[in-house]
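Right, one structure below, let's go through it.
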Amino acid sequence: GEITAAIRLDGLVSIWKRAEQSLYPDDEGSSTSTNTSTSNGSAPRKVKAHAQFSISNATGTTMMLLPPQSTGYSKHGIILMVGNLDGSISFHCT
């Protein structure tokens, strides 16, 4: 699947998960398109975050996702490295 993460300047971290999408849709009007807007021009649908949490000391400008393969600990899920206001880096897991 796909994982997307974002951090706001106030330290709010949001993580979205999505099932794997096919690279090529079956046909032009296929519903497997990755575009979030509908074909009839209506507003795009809103996707809720899978996880949200706030980091009080975060700068809001620096974040890195670490996959379980690089850490060796798959039981912890997704691990984030976040830059803090005092220059340190904190680790958070979902």
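Shortest non-hydrogen contact noted between Met81 and Phe91 is CG-CE2, 3.4 Å. Annotation for Leu65 and Ala5: closest pair CD2-CB, 3.9 Å, computed over non-hydrogen atoms. Across every non-hydrogen atom of Ala58 and Val82, the tightest pair is CB-CG1, 3.7 Å.
For the pair Leu80/Met64, no side-chain contact is recorded, criterion being any heavy-atom separation below 4.5 Å from C-beta on.
Going from atom CG of Leu12 over to atom CZ of Phe53 covers 9.0 Å, rounded to the nearest 0.5 Å. Distance CD1/Ile79 to SG/Cys93: 6.0 Å, rounded to 0.5 Å. If you take OG1 on Thr62 and CD1 on Ile7, they are separated by 8.0 Å, rounding to the nearest 0.5 Å. Separating the CD1 atom in Ile78 from the NZ atom in Lys17 is a distance of 4.5 Å, to the nearest 0.5 Å.
Crowding of His92 atom NE2: a count of heavy atoms from other residues, nucleotides or ligands under 6.0 Å exceeding 12.
Judged as a side chain to side chain contact (heavy atoms under 4.5 Å, CB included), and not counting sequence neighbours, the contacts of Leu85 are Asn57, Thr59. For Asp10, the salt bridge (Lys or Arg N to Asp or Glu O under 4.0 Å) test picks out Arg8, with sequence neighbours left out.
The closest donor-acceptor contact from the side chain of Asp86 to the backbone of Ser88 lies under 3.5 Å.
At a threshold of 4.5 Å between side-chain heavy atoms, the hydrophobic network of Ile, Leu, Val, Met, Phe, Trp and Tyr places Ile3 and Ile55 in one connected group.
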